[in-house]
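Before any comments, here is the structure.
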Amino acid sequence: MKAAPVFALAAALALSGCASTNPSDPLETYNRAAFGFNDALDRVALKPAAEAYQTLPDFMRQGVYNFFSNLEDVGNGLNNVLQGKFRAGASDFGRFALNTTFGVGGLFDLATGAGLDKHYEDFGQTLAYWGVESGPYVVLPFFGPSTLRDAAVKPVDFKTDPWLYVKPVRTRNIGTVVRVIDGRAALLDASNLLEDAALDRYQFVRDAYLQRRRSQVYDGDPPPAEQ
Amino acid sequence: MKTFKYLLAVLGLFIGFAAQPAAAQSAAEAPDVLIKRISQQVLDIAKNDPQIQAGNYRRIMDVVEEHILPHVDFERMTALAVGRYWREATPEQQKRLTEEFRNLLVYTYSGAISQVKDQRVEFRPFRAAPDDTEVEVRSRVLQARGEPIQLNYRLEKKADGWKIYDVNVLGAWLVDSYRNTFASEIGKNGIDGLIGTLSERNKRLAASAAKTAQP
């Protein structure tokens, strides 16, 4: 995953500063452009690929999902520990150990059935837990909605992702493509709903994403927002 | 004599139960019990009805109409989404806004129901004082792949039972997700502009929904 040039691009575009009327979205002009770019990319490549992928047998897609989901538990565990959530962290590391060994390299998720819950955490959430503000909303090319804080530390999440250490690079790249398509396939239904529900998709996605992100930071239980 | 009295009492009790109107029963139903009942009903219907599985919107909307709509306070939901402009709207505009927003949500929600496959709903412990008139019921939809979908409901106690007035999907409240869009639409084209935009969208959705009802 060639992250560095993407971030350089995002940063350059973001810093080129665009006057926006909305105080909650100072980068709106740039963001809308990035949103449009992602949308176009999705329409011509990602969505068609995901739709084709959906025709694969269920057990195969389940295996792909489980495999990459298992690798994410390393980062989940680390970030839980960094936030002092030791019980959750232990559960995530336990999941990784169990699924990697008895779950045949993560193809099967035995841990959930064994009562080891998964706790989604990333480094952006850890920073938020430490008190770092999110900063403005940023749409990253290729990666989608984010905030300045989360975008800046995305490389940290890549560092804790075992897949990105796989050699040879060719295998790593093929795996990454499959992973991205699998992730998109999971969102097919949701993105079709969004087409119906949103009057202005950019705005709807932004407002829903920022709320969701805040909710994630508080593990689903955010204090009431100040109006 | 004693036996007779006893019999009479039992009979009275029986009649008392039978005569209790259905509305009173649902008014007495606790909000979490209500949400659990509706969720289970709708999931069961969606999983077992081949027409719904095939994506027949007409059929899905009948189910939504019958099982969900009676428990939703669309007027309050719309008023919250429209925000400060609500009081500037005439009663007629308020009525139209509520109607169009309601239809938009029904179409969207119906789309979600047609996608029900192997999901299960799990409820989080319900906390509320007996005299609360505003509560939140929290649930999660569990699926084979992916993060559980958080699904919370805000309800208000009304004379005819608890009514849902906001829904939280994946951490985002529905009303909050619409508020900015509505405000900017009203800012540009006024309240009638928003009514027009909503109604156009609904016409388009109705047209594509009509196609699914063809045999």
Side-chain angles (χ1 to χ4, degrees), chain A residues 21-25 28 54 58-59 61-66 68-69 72 76 109 112 117-120 137 145 182-183 185-222 224-225 227, chain B residues 55 57 81 83-84 100-101 104-118 124 136 138 140 142-152 168-185 187-188 193-194 196-198 200-202 204-206 208-209:
Chain A
T21 48
N22 189 343
S24 71
D25 189 3
E28 181 166 354
Q54 281 295 80
D58 195 60
F59 78 91
R61 288 180 289 137
Q62 187 74 51
V64 169
Y65 172 79
N66 288 347
F68 288 110
S69 171
E72 284 161 14
N76 287 334
D109 176 10
T112 301
D117 287 332
K118 194 176 170 86
H119 308 83
Y120 298 83
Y137 178 64
D182 177 66
L187 294 174
L188 279 173
D189 289 347
S191 66
N192 290 339
L193 278 188
L194 186 66
E195 298 272 337
D196 291 351
L199 299 180
D200 173 348
R201 256 172 347 113
Y202 170 80
Q203 238 174 14
F204 194 90
V205 168
R206 179 192 67 201
D207 295 340
Y209 174 82
L210 289 176
Q211 278 194 72
R212 167 167 168 71
R213 192 61 188 156
R214 188 163 177 276
S215 167
Q216 284 178 327
V217 165
Y218 289 99
D219 294 335
D221 208 357
Q227 287 291 325
Chain B
Y57 262 70
R84 63 197 164 93
E100 295 295 350
F101 192 37
L104 177 67
L105 295 178
V106 169
Y107 281 121
T108 316
Y109 191 84
S110 302
I113 290 186
S114 67
Q115 291 160 4
V116 169
K117 288 165 203 114
D118 47 6
R124 298 190 29 211
E136 186 175 331
R138 300 167 170 209
R140 304 198 304 172
L142 306 177
Q143 37 188 8
R145 280 195 285 279
E147 204 172 339
I149 300 168
Q150 182 187 327
L151 202 53
N152 297 351
N168 183 313
V169 186
L170 288 165
W173 288 102
L174 188 81
V175 160
D176 291 332
S177 302
Y178 275 105
R179 189 174 291 132
N180 281 326
T181 318
F182 281 12
S184 58
E185 187 66 36
K188 270 185 282 180
L194 175 59
T197 308
L198 284 169
E200 250 167 64
R201 169 60 58 94
N202 284 331
R204 219 181 69 206
L205 293 173
S208 59

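All chains are named by letter (A, B, ...) in the order of the sequence lines, taking the proteins before the strands, and each is independently numbered beginning at 1. If you're wondering where the values come from, they're calculated on a predicted model, not measured in any experiment.
- D207(A) contributes atom CG, which lies 4.0 Å from atom CG of N180(B) (distance to the nearest 0.5 angstrom).
- Atom CG of D196(A) sits about 10.0 Å away from atom CG of N202(B), to the nearest 0.5 Å.
- In terms of heavy-atom pairs under 4.5 Å with chain A, the best-connected choice from A112(B), S177(B), G111(B) is S177(B).
- In this structure, V64(A) and R145(B) have side chains that are not in contact, with every pair of non-hydrogen atoms separated by 4.5 Å or more.
- Heavy-atom distances place no part of L142(B) under 4.5 Å from chain A, backbone and side chain included.
- Interatomic distance, L199(A) CG to E200(B) CD, rounded to the nearest 0.5 Å: 10.5 Å.
- A197(A) is linked by a side-chain contact (heavy atoms from CB on, under 4.5 Å) to T108(B), Y178(B), counting only residues two or more places apart in sequence or in another chain.
- Looking at D58(A), both its backbone and its side chain come within 4.5 Å of chain B, counting heavy atoms on both sides.
- Distance OG1/T181(B) to CZ/R201(A): 12.5 Å, rounded to 0.5 Å.
- Here the OG1-CG distance, from T197(B) to D200(A), works out to 10.5 Å after rounding to the nearest 0.5 Å.
- With a threshold of 4.5 angstrom between heavy atoms, Q150(B) approaches chain A through side-chain atoms but not through N, CA, C or O.
- The contact between F182(B) and chain A is made entirely by side chain atoms (from C-beta outward), counting heavy-atom distances below 4.5 Å.
- Taking chain A as the reference chain and counting heavy-atom pairs below 4.5 Å, the highest number among L104(B), V169(B), L170(B), L174(B) is found for L170(B).
- Here the side chain of R201(B) pairs a donor or acceptor atom with the backbone of A198(A) at under 3.5 angstrom.
- With a 4.5 Å cut-off on non-hydrogen atoms, S114(B) does not touch chain A at all.
- Considering every non-hydrogen atom in both Y120(A) and E147(B), the closest pair reads CE1-CG, 3.1 Å.
- Rounded to the nearest 0.5 angstrom, D221(A) CG and R124(B) CZ are separated by 6.0 Å.
- Heavy atoms of R213(A) lying under 4.5 Å from chain B are absent altogether.
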